Each structure stands twice: as structure tokens, then as C-alpha cells.
2 protein chains.
Amino acid sequence: MLVDDHLVVRVGLRGLLETQPDLTVVAEASGGAAAVAAFAEHRPDVTLMDLRMPDMGGVEATAAIRAKFPDARILVLTTFETEEDIFRVLEAGAAGCLLKNTETKPLLEAIRAAHAGTYQLPPDIAGRFAKWRAMPELSAREREVLELIVRGRSNKEIGTALGVAENTVKNHVKVILDKLRVQDRTQAATTALQRGLVSMPRRA
Amino acid sequence: MLVDDHLVVRVGLRGLLETQPDLTVVAEASGGAAAVAAFAEHRPDVTLMDLRMPDMGGVEATAAIRAKFPDARILVLTTFETEEDIFRVLEAGAAGCLLKNTETKPLLEAIRAAHAGTYQLPPDIAGRFAKWRAMPELSAREREVLELIVRGRSNKEIGTALGVAENTVKNHVKVILDKLRVQDRTQAATTALQRGLVSMPRRA
DNA sequence: CGCGAAGTAGCCCGAATGGGCCATTGTCCC
DNA sequence: GGGACAATGGCCCATTCGGGCTACTTCGCG
């Protein structure tokens, strides 16, 4: 099954896969919710799942499918998402992760390996995945503060925005810097963006 | 002509376009340099160009083609690049810009409009493009400093790294904040990332 | 019931930052 | 030659930030 909101990608993948006698595309979905429904209906051996989709993200869709069908084999097919997204979907039970610019041969190998249950993560990704799992989570409040840091607000402004004292904000910031293992708020902001902890601020 | 480093996308686009009797794919290229050569050889009416490619970026390829063939009609097909990239390629002479998740119909319309020379930028993009052109460029030195700001370095560290006094760095930072119209270095960092002025810092 | 985590808030203080303003040295272009 | 501008560096000063510390309340969980 193919899950991707880009029609072009679905057509392309179908074109590639249908040259292989042992592979058949039994279903397509252009969104996460549709993917969950289509999986239940068609029970594909392997699912190729995009991460970034409008209605329900690939992470949620993967989790939803795996919740109902624990032996579902889902390969994430991504262009260039953040580490955070990739790791979250692996956590959600995806079998592995491929870049969309992989050549035909590795793609087919990965699909067959996923079907056989022998798919292996690339070692560098696996290592960072382990590190990511070891990292303490930010609390909800801390994520709020981090979000405002990324927006470039000062501690005082953050305090006003959240209705707390500046000292409180400073404490949150200290904890955030500690958890992210960075030295200052600018590093916290870039790290947060890179890891996808918060999304890009909208332009003025 | 199709220019994209993703095989999947080329196959997909070809599949979509070949359903149309008035459209023919005469060439494909998987990189910028190959695109320039292929353009010279095939002279396609319209070129669909990806921005992010390994060897030569879409911006440079577009500029190179337009330099030799000023009436080349090039449509940029992008997934989610930064504004900076899009604006730079428009500046380089691209006729317009499409997201890869556009449906079949608008895509075909855009191709035909580009061929006829009547393609119009979406108004919101056009407006921001105008604003972008009005913005002063950062000098090379300022971009260096900005890059280090994004990496989370302090003024003193930046001075050491560049071999200048901290005071000089402070002056550069002041100019950068002024040109980017932001209040502090954290905003400068996030703005720079969003606009693609510098790329993401690699993780430790 | 008690313990810990999260959120709140205060204190102190050194360092970093941002904003004025000015000066000198190049270099490039008219 | 003169003008514009980038790059360099200096000074002063108010504000902000980061770090260390303590402390209280409120929760949920065992």
C-alpha cells in the first residue's frame, strides 16, 4: 500500500513497483485517516508511508495501524523530515525509514526485507535513535516556553505571555537548557527547530 | 523536460504528463549539470525543475540555462523549500513556482500557461517576493557571523573563530539585526533558518 | 499517607547582549 | 580625486541572560 499526499509520488512509486513480478500495489491513500481505513480493508503485506500529510500525520497513522494490527509492516518514506519525526514514527512501530531519493534497487530490497521481517536500520540512524530515546522529555510548560524562545521572545515577554513571573520563566529556561544539553537560548532555539520540537515561526 | 533527483518523482510526473496528448516528455535529468546539457540538446518548451539537487542546485541550473537561452520557460517544482530558495530562483528567471502536492489539473494548467507565457505567480508569493527584493543583502562577513550565531556561538567565540575582536563581532551583529529587522540574536537565528540564509547546524 | 515531579517564585551575581556613537582602513566605482 | 560602503575596532551603559541556591504549593502515584 502506498500512502502519500503527493499524487506524483504515488504514481511514481506505483510505476516503479509494478515492474516487479513479486510486488503489487493493492491500495493507495493520500492521507493518514484514509490510510488507516485502507489498511483495515486491504491488509497489505507492506505499507510505504509518507510522514508529512495534511489530515493525519504519518506518525499518528502508523500508531493507529499498529494498534489494531501489531504485525503491520510499515516503511516510512521521507524526503527530509526532522529527526524528531523519524524517531517518533520508529517509536510508533515503523519497521524502518527510507529517503525518497533512494535508488530503485535499495528501495525494492527494503520492501522485501520489511516483508520478511529482516529490515535493518542504518547504523548511524539507529545510534541516534537510541540517544534520542535516552533523552528526557520536556514538560508541557517547558515546551510552551521553548516555543516562545524560538519566536525570539525575552524572558520577561514570555512571563507576560504566560502570566507568570520572569523568575519562573528563567527557571524553566534553565531546565530546558539542561534537558537539551545546550548552553544558551539561541542553541535551544536552533536545536528545537532541527529536532522538530517546535515548528517554524510564521513570518511577520 | 523533467529535472529532479528523485527517480520516483520523475516517473510520477512522466506518468501524469503522458496522459495528455499535447504534452510530451522529451528529456529527463537527475541533476543540475545534466539539466543544462540536456536543455541545450533538446530545447524543451517547458522545463520542470526541482530545487534541491545534489550536484548543482536548481537555482544555479536555472540561471545557467537562462543565461544561454533567455526565452527558456522554467517552472520550479518544489516540495517545501525555504522562501530564500524560491525567491532566488525566481530572480534567476524561473517563470513560476509550484508545490509538488498540487493536483493534476493545476499542474497541467501551469505548464500550458508557462508555455504560452501567461503564467502568474500566486498573489501572496508575489507580494513576499517583492518584499524580499527590497531587503538589503547581508555581506559575506555578516553571513559568516550569522552562521555562527545560528550555531549558538557567543560574540566572543565568534571573534575568536574569525580572528577579530569581540567589538567587531558586536558591530556585525548590530548590522545583521538591523538588516533582518529583528530584535535579538535568537530571532536572527530562527529567521535565518526559515529564510534559508544558512542551513541547519549539524548535530553534535 | 509520603514521596517526588512539575510549576511557581524569590535571591544574588557575573557575564553576555544590544544600542548608542565615532574612527580608521581598505576597496570599488564614478 | 571624491564618495560610498564593508570591515575593523573602540567606548559607554542599560538590559538581559545564565547559573546557583532555596522554598512553597499542587498533583499524582505507589
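No experiment lies behind these values; they were computed from the predicted model shown. Chain A is the first sequence line, chain B the second, and so forth, proteins listed ahead of strands; every chain is numbered from 1.
Ionic pairing of B:Arg141 and B:Glu144 is present here: one or more N-O contacts between side-chain nitrogen and carboxylate oxygen are shorter than 4.0 angstrom. A salt bridge is defined here as a Lys NZ or Arg NE, NH1 or NH2 lying under 4.0 Å from an Asp or Glu carboxylate O, and B:Arg88 with B:Glu91 fails to meet this definition.
Atoms CG (B:Asn167) and P (D:dA7) sit 17 Å apart, rounded to a whole Å. In this structure, B:Glu157 atom CD and C:dT17 atom C1' are separated by 14 Å, rounded to whole Å. Distance A:Asp184 CG to D:dG19 C1': 13 Å, rounded to the nearest Å. Atom NE2 of A:His172 is separated from atom P of D:dG18 by 15 Å (rounded to the nearest Å). Rounding to whole angstrom units, CD1 of residue A:Ile158 and C1' of D:dG18 are separated by 14 Å. Rounded to whole angstrom, the span from the CG atom of A:Asn155 across to the C1' atom of C:dA9 amounts to 14 Å. Between B:Leu177 atom CG and C:dT17 atom C1' the separation is 10 Å, expressed in whole Å. Distance CG (B:Asn171) to P (D:dA6): 13 Å, rounded to an integer number of Å.
Minimum atom distance to the side chain of B:Ser139 is reached by D:dA7, of the listed D:dA7, C:dA6, D:dT8. Side-chain proximity of A:Arg185 to the nucleotides C:dT8, D:dT8, D:dG18 is greatest for D:dG18. Distance from the side chain of B:Lys156 is smallest to C:dA16 among C:dA16, D:dG10, C:dG10.
Nucleic acid contact class of A:Val175 (heavy atoms, under 4.0 Å, all strands): none. Base contact: A:Thr168 has a heavy atom under 4.0 Å from a base atom.
Interatomic distance, CZ of A:Arg185 versus CZ of A:Arg153, reported as 11.5 Å (0.5 Å rounding).
For C:dT17, neither phosphate oxygen OP1 nor OP2 lies less than 4.0 angstrom from any side-chain nitrogen or oxygen of B:Lys170. Put simply, A:Lys174 has no side-chain N or O that comes within less than 4.0 Å of OP1 or OP2 on D:dG20.
A heavy-atom distance below 4.5 Å is not found between the side chains of B:Val11 and A:Leu13.
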Full working for side-chain contact (heavy atoms from CB on, under 4.5 Å) between B:Met49 and B:Ile65: CA-CA 11 Å; B:Met49 169 89 65; B:Ile65 292 175; 4.1 Å; yes
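Residue-to-nucleotide proximity on DNA chain D shows that, of A:Ser154 and B:Arg141, the 5′-proximal contact is made by B:Arg141.
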